[in-house]
Protein chains: 2
Amino acid sequence: MKHDSGFDLPQGTLDLLILKVVAHGPIHGYAIAQRIRQMSRNALEVQQGSLYPALHRLEYKKYLNADWKLTETGREARFYRLTSRGKAHLESETASWERLTEIVGLILQGSPGEA
Amino acid sequence: MKHDSGFDLPQGTLDLLILKVVAHGPIHGYAIAQRIRQMSRNALEVQQGSLYPALHRLEYKKYLNADWKLTETGREARFYRLTSRGKAHLESETASWERLTEIVGLILQGSPGEA
DNA sequence: CGCCTATATGTAGAAGAATAAGGTATGAAG
DNA sequence: CTTCATACCTTATTCTTCTACATATAGGCG
């Protein structure tokens with residue numbers, strides 16, 4: 001099944017979104033993808049082949065840690081939590097993102113003669 | 001020499017910036033990089049190893065075309081112009097970028113219970 | 001003249017991440 | 001008992017970016 005809103009995430013953005021979602025409290029991978037889809041009003045569809053490698057990456061880098069627990073529906077799932085390292089990283093990456101969008105916005109609106 | 005503002009561009013963003021800069025009128029590669037650096041107040045340093053492949057890519061995709069001319073300082077340089085295809089692409093990519101930043105912004109500001 | 005810097009173009013190799021496409025397993029619903 | 005949604009995972013491919021290197025010319029300076 002293809003996603004309706006042909007819309008690719010630029011490389012690097014996914015980690016930021018995941019960290020932010022996890023920052024709200026312990027949550028498992030599948031639910032992270034659902035949450036991102038919801039919050040973007042179906043505009044962003046996180047593929048599983050992007051999601052799980054990203055989670056492993058973030059865990060390896062000590063931004064997240066995880067353990068197996070039962071979901072409310074009685075299934076095994078891996079619940080992720082933000083580490084303090086992860087929290088710091090989230091904050092700095094958020095700042096970078098905001099700075100980047102500011103700069104890109106500047107250029108996209110810029111007139112020819114702009115300094 | 002390293003650039004001071006360690007700051008990687010998300011994939012796809014460079015093409016957008018290049019197209020936008022070229023949209024202002026014929027310009028050669030080296031000047032594009034300078035322009036982006038200026039307009040970002042030295043925050044964005046486009047590496048040559050990113051710039052030229054990007055230009056070739058955009059030319060191959062018919063978003064740009066180019067020919068050799070003399071610069072004001074009397075040097076051979078490849079001046080790029082936006083094609084009509086490129087103009088259309090720039091517009092749709094700009095819209096995508098704005099939509100993306102909107103959505104990411106939504107998620108980054110979102111409270112835990114957000115729909 | 002020789003040297004350095006800025007201009008101007010390019011390539012090669014490696015790294016990194018997203019995608020496409022597959023696989024495993026369970027609970028609930030029909 | 002079959003199908004669907006949940007929930008995890010991997011592999012191969014593709015694309016873009018970065019680092020680093022390579023080439024060449026114009027202008028300034030000693």
Side-chain angles (χ1 to χ4, degrees), chain A residues 1-3 5-19 26-38 44-61 63-64 66-80 93 100 104, chain B residues 1-19 26-38 44-61 63-64 66-80 93 96 100 104:
Chain A
M1 170 87 88
K2 300 279 171 280
H3 55 313
S5 58
F7 203 172
D8 293 351
L9 273 180
Q11 208 158 304
T13 312
L14 181 57
D15 289 12
L16 178 59
L17 295 181
I18 290 175
L19 289 177
I27 185 171
H28 62 270
Y30 196 83
I32 293 172
Q34 283 181 316
R35 181 73 93 185
I36 290 176
R37 183 158 46 75
Q38 282 178 354
L44 255 43
E45 192 78 33
V46 179
Q47 307 301 322
Q48 301 189 333
S50 310
L51 175 69
Y52 292 108
L55 287 171
H56 301 156
R57 201 156 66 221
L58 293 169
E59 193 179 1
Y60 177 78
K61 288 181 186 167
Y63 295 146
L64 299 179
D67 37 23
W68 291 95
K69 278 186 195 155
L70 284 177
T71 64
E72 298 155 4
T73 57
R75 314 170 75 103
E76 289 287 331
R78 219 162 147 66
F79 282 78
Y80 288 89
E93 285 302 296
L100 175 70
V104 173
Chain B
M1 170 89 87
K2 299 278 170 281
H3 56 313
D4 39 358
S5 59
F7 206 169
D8 290 354
L9 277 179
Q11 206 158 307
T13 311
L14 180 58
D15 290 11
L16 178 59
L17 295 181
I18 290 175
L19 289 177
I27 185 170
H28 62 269
Y30 195 85
I32 293 172
Q34 284 182 316
R35 180 75 93 183
I36 290 176
R37 182 157 47 74
Q38 281 179 354
L44 255 44
E45 192 77 35
V46 179
Q47 306 302 321
Q48 302 186 330
S50 309
L51 175 69
Y52 292 107
L55 287 171
H56 300 157
R57 199 156 66 224
L58 293 170
E59 192 178 2
Y60 177 78
K61 289 182 185 164
Y63 296 146
L64 299 179
D67 36 22
W68 291 95
K69 278 184 195 157
L70 283 177
T71 64
E72 297 155 5
T73 56
R75 314 168 75 101
E76 288 288 330
R78 220 162 145 66
F79 282 79
Y80 289 89
E93 285 301 295
S96 286
L100 175 71
V104 172

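Just so we're on the same page: letters track the sequence lines, and every chain starts at 1.
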Does A/Y52 place a side-chain N or O at less than 4.0 Å from the phosphate oxygens OP1/OP2 of D/dC8? yes

Ring pair (Phe, Tyr, Trp, His ring centres under 6.0 Å) with A/F79: which residues, sequence neighbours excluded? A/H28

Listed by chain and number, what are the ring pair (Phe, Tyr, Trp, His ring centres under 6.0 Å) partners of A/Y80, not counting sequence neighbours? none

What are the atom names and distances for every N/O pair under 3.5 Å that joins the protein to nucleotides 5-7 of chain C?
{"unit_1": "C/dT7", "atom_1": "OP2", "unit_2": "B/Y30", "atom_2": "OH", "d": "3.3"}
{"unit_1": "C/dT7", "atom_1": "O2", "unit_2": "B/R75", "atom_2": "NH2", "d": "2.4"}

Measure the distance from CD on A/Q11 to P on C/dT19 and round it to the nearest whole Å. 9 Å

Using the closest heavy atom to pick a nucleotide of DNA chain C for each, name whichever of B/E76 or A/S50 lands nearer the 5' end. B/E76

From CD of B/E72 across to P of D/dG27 the rounded distance in Å is 13 Å

If I take atom CD in residue A/Q47 and atom C1' in nucleotide C/dG23, what distance separates them, rounded to the nearest angstrom? 16 Å

Would you say a side-chain N or O of A/R57 is under 4.0 Å from OP1 or OP2 of C/dA18? yes

Quickly work out the A/L51 CG to C/dG23 P distance and round it to whole Å. 20 Å

For B/R78 and C/dG10, what is the distance between atoms CZ and P respectively, to the nearest whole Å? 6 Å

Nearest whole angstrom, please: distance from the C1' of C/dG10 to the CG of B/L58. 16 Å

Could you pick out which residue, A/A77 or A/P53, lies toward the 5' side of DNA chain D when each is mapped onto its nearest nucleotide? A/A77

Reckon B/H56 has a side-chain N or O less than 4.0 Å from the OP1 or OP2 of C/dT11? yes

Just to verify, what does B/R75 make a salt bridge (Lys or Arg N to Asp or Glu O under 4.0 Å) with, not counting sequence neighbours? none

Using a heavy-atom cut-off of under 4.0 Å over every strand shown, decide if B/G49 touches base, sugar-phosphate, or nothing. base

Does B/K69 reach a base, just sugar-phosphate, or nothing at all? Heavy atoms under 4.0 Å. nothing

A/E76: what forms a salt bridge (Lys or Arg N to Asp or Glu O under 4.0 Å) with it, not counting sequence neighbours? none

Roughly, in whole Å, what's the span from CH2 in A/W68 to C1' in C/dA25? 11 Å

Partners passing ring pair (Phe, Tyr, Trp, His ring centres under 6.0 Å) against A/Y30 (at least two apart in sequence or in another chain): none

note: B/L16, atom CG; D/dT17, atom P; distance rounded to Å ~ 11 Å

Taking side chain as C-beta onward, heavy atoms only, is B/I32 less than 4.5 Å from B/L17? no

Could you walk me through whether A/I18 and A/V46 pass side-chain contact (heavy atoms from CB on, under 4.5 Å), step by step? CA-CA 10 Å; A/I18 290 175; A/V46 179; 5.9 Å; no

